[in-house]
Amino acid sequence: MASTPAPPQAPPKPTWDPRRPAPPLPWLRPTIRIRLTLLYGGMFLIAGILLLSIIYLIAAQALNVGSELPFKITTGSVTSDICSNLPSSGTAEVMNKAMDRCVNDQRQHALDDLLSRSLLALLGLAIIAFAFGYAMAGRVLSPLGRILRTARAVAGSDLSRRIELDGPDDELKELADTFDDMLERLERAFTAQQRFVGNASHELRTPLAINRTLLEVHLSDPGAPVELQQLGKTLLATNERSEQLVEGLLLLARSDNQIVERKPVDLAEVAEQAVDQVYGEAAAKGVAIRGEQKSAVVRGNGVLLERIALNLVQNAVRYNVPEGGWVEVTTAVEHGQAVLTVSNTGPVVPAYEVDDLFEPFKRLRGADRTGSDKGVGLGLSIVRSVARAHGGHITAQPREGGGLVMRVTLPV
């Protein structure tokens with residue numbers, strides 16, 4: 001009986017990855033520290049050589065001038081063009097002392113001239129060194145400026161921008177590549193979020209719309225029992241509340257992103273439209289609406305900005321006193337920014353509860369989702385999200401005597 005041959009053995013796995021090149025030695029990598037060390041060390045070396053050469057030339061010139069005798073002996077007398085107080089005749093001791101003073105004066109003059117010229121050379125080299133250092137620092141830090149400009153573009157919701165930094169494989173390039181990878185992941189996440197919001201908008205609205213239509217059809221039947229009509233009205237109100245909740249959640253999800261397409265929008269017109277929409281409800285509750293709307297043009301999405309004003313005015317009307325209440329709506333430009341202010345009378349609001357008002361499904365006194373016909377608890381959350389998407393912010397302060405002062409600030 002013949003033995004079966006052994007199966008061929010698999011070739012050994014390579015100990016290196018052919019797809020990835022071997023990293024260079026750490027001390028050969030052109031890091032920022034090595035480049036700055038070589039750059040500024042070379043600058044100091046060049047500046048020292050230049051300064052030494054200039055001082056050497058100045059000193060050589062001073063020595064040549066100082067080596068000339070400051071006096072001349074002619075026909076038994078001593079004359080000098082430098083030392084004016086040198087006597088032309090006298091004893092040997094007097095003449096020697098006078099000539100020593102003249103030589104010392106000439107040496108001191110040469111030293112003073114050397115010092116003044118050296119200081120001028122040092123000043124000139126310092127100016128050149130600062131200018132050259134400024135230029136070199138700008139060249140070294142230029143990748144950081146490129147990263148900063150890209151980050152600002154991304155802050156404007158342009159997630160398609162990339163740095164794509166070229167040059168030596170140093171820390172700045174590694175930072176830029178890491179930033180590009182992060183932007184790519186963020187772009188995928190935001191794209192998936194927008195796709196989800198679009199799908200959810202369709203999938204959630206359709207069944208609610210069908211339910212509303214069916215309930216309205218059953219309620220229109222005059223022969224339906226009273227109990228069934230009452231149940232249909234309750235279900236219709238619940239369905240309407242669910243629709244408001246879905247619309248609020250979808251708007252909150254959309255407004256969390258920066259606004260890409262911006263158009264000029266006047267906050268005064270937005271506030272007037274919001275007041276017109278809430279006027280009937282305010283009149284039914286006995287709440288007076290007042291205030292002056294001055295022109296304050298901003299760049300943004302008109303629909304979302306209108307939702308800011310509408311939510312604030314609706315909250316101010318609904319959370320008001322039973323009798324003699326008022327709401328004041330004003331718009332203006334203050335300190336280069338557009339400001340929308342909504343003040344109202346109402347219950348006393350503790351200062352420690354003001355921040356909780358901007359959280360989803362939060363109301364005063366710890367009321368959450370249920371048991372209220374004043375909304376679904378997303379109004380102020382949407383306002384804050386839309387304001388942030390437009391580069392602004394909203395603040396709330398309790399009024400003396402009750403109520404709130406809502407202040408939305410947007411860049412012009």
Side-chain angles (χ1 to χ4, degrees), residues 17-24 26 28-36 39 136-204 248-265 298-305 307-308 337 358-360 378 381-394 408-412:
D17 189 357
R19 296 170 300 177
R20 181 177 301 174
L28 290 179
R29 185 185 179 191
T31 61
I32 294 295
R33 175 178 293 182
I34 294 177
R35 291 169 58 192
L36 289 178
L39 177 62
M136 289 297 100
R139 181 176 179 83
V140 172
L141 296 178
S142 59
L144 287 179
R146 187 171 174 180
I147 296 174
L148 179 60
R149 289 189 296 270
T150 304
R152 287 176 177 173
V154 171
S157 190
D158 187 7
L159 292 176
S160 62
R161 293 287 298 271
R162 297 293 183 271
I163 301 174
E164 296 178 352
L165 187 65
D166 51 2
D169 185 19
D170 54 11
E171 294 90 343
L172 292 179
K173 190 175 187 306
E174 184 178 357
L175 174 63
D177 294 341
T178 304
F179 193 74
D180 285 342
D181 294 339
M182 181 186 66
L183 290 179
E184 185 176 356
R185 292 194 296 270
L186 285 176
E187 186 179 15
R188 290 199 301 266
F190 277 107
T191 302
Q193 181 189 14
Q194 292 174 356
R195 189 182 301 112
F196 168 77
V197 170
N199 295 335
S201 175
H202 175 73
E203 296 295 334
L204 294 177
L249 289 174
L250 293 176
L251 180 60
L252 184 61
R254 288 196 302 266
S255 61
D256 279 337
N257 299 329
Q258 291 285 335
I259 307 302
V260 179
E261 296 182 359
R262 297 173 179 263
K263 297 180 180 179
V265 180
V298 299
R299 294 190 62 84
N301 185 290
V303 177
L304 294 179
L305 292 175
R307 182 55 66 97
I308 285 182
Q337 292 183 321
F358 296 98
E359 297 299 327
L378 290 174
S381 300
I382 294 174
V383 170
R384 182 178 62 178
S385 181
V386 174
R388 288 178 177 176
H390 285 80
H393 62 276
I394 178 173
V408 180
T409 304
L410 299 173
V412 177

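Everything numeric in this text was worked out from a predicted model, so none of it was measured.
Residues passing the side-chain contact (heavy atoms from CB on, under 4.5 Å) test with Leu39, sequence neighbours excluded: Met43, Met136, Val140. Take Asp177 and apply the salt bridge (Lys or Arg N to Asp or Glu O under 4.0 Å) test, not counting sequence neighbours, and it matches Lys173. Here Arg299 pairs with Arg262, Pro264 under the side-chain contact (heavy atoms from CB on, under 4.5 Å) rule; sequence neighbours left out. With sequence neighbours excluded, no residue forms a side-chain hydrogen bond (donor to acceptor under 3.5 Å, both in side chains) with Arg146. Every residue meeting the side-chain contact (heavy atoms from CB on, under 4.5 Å) condition with Gln337, not counting sequence neighbours, appears here in chain and number order: Thr409.
Counting heavy atoms from C-beta outward, Leu305 and Leu410 have side chains that approach closer than 4.5 Å. Looking only at side-chain heavy atoms (C-beta outward), Met182 and Thr178 stay at 4.5 Å or farther from each other. Inter-residue side-chain proximity for Phe179 and Leu165 is flagged as unmet; no heavy-atom pair is nearer than 4.5 Å.
Taking CZ of Arg162 as the reference point, atom CG of Asp180 lies at 6.5 Å (rounded to 0.5 Å). A distance of 11.5 Å separates CZ in Arg384 from CD1 in Ile382, rounded to the nearest 0.5 Å.
Val265 approaches Gly300 most closely through the heavy-atom pair CG2-O, 3.7 Å. In terms of heavy atoms, Ile308 sits closest to Ala387 at CD1-N, 3.9 Å.
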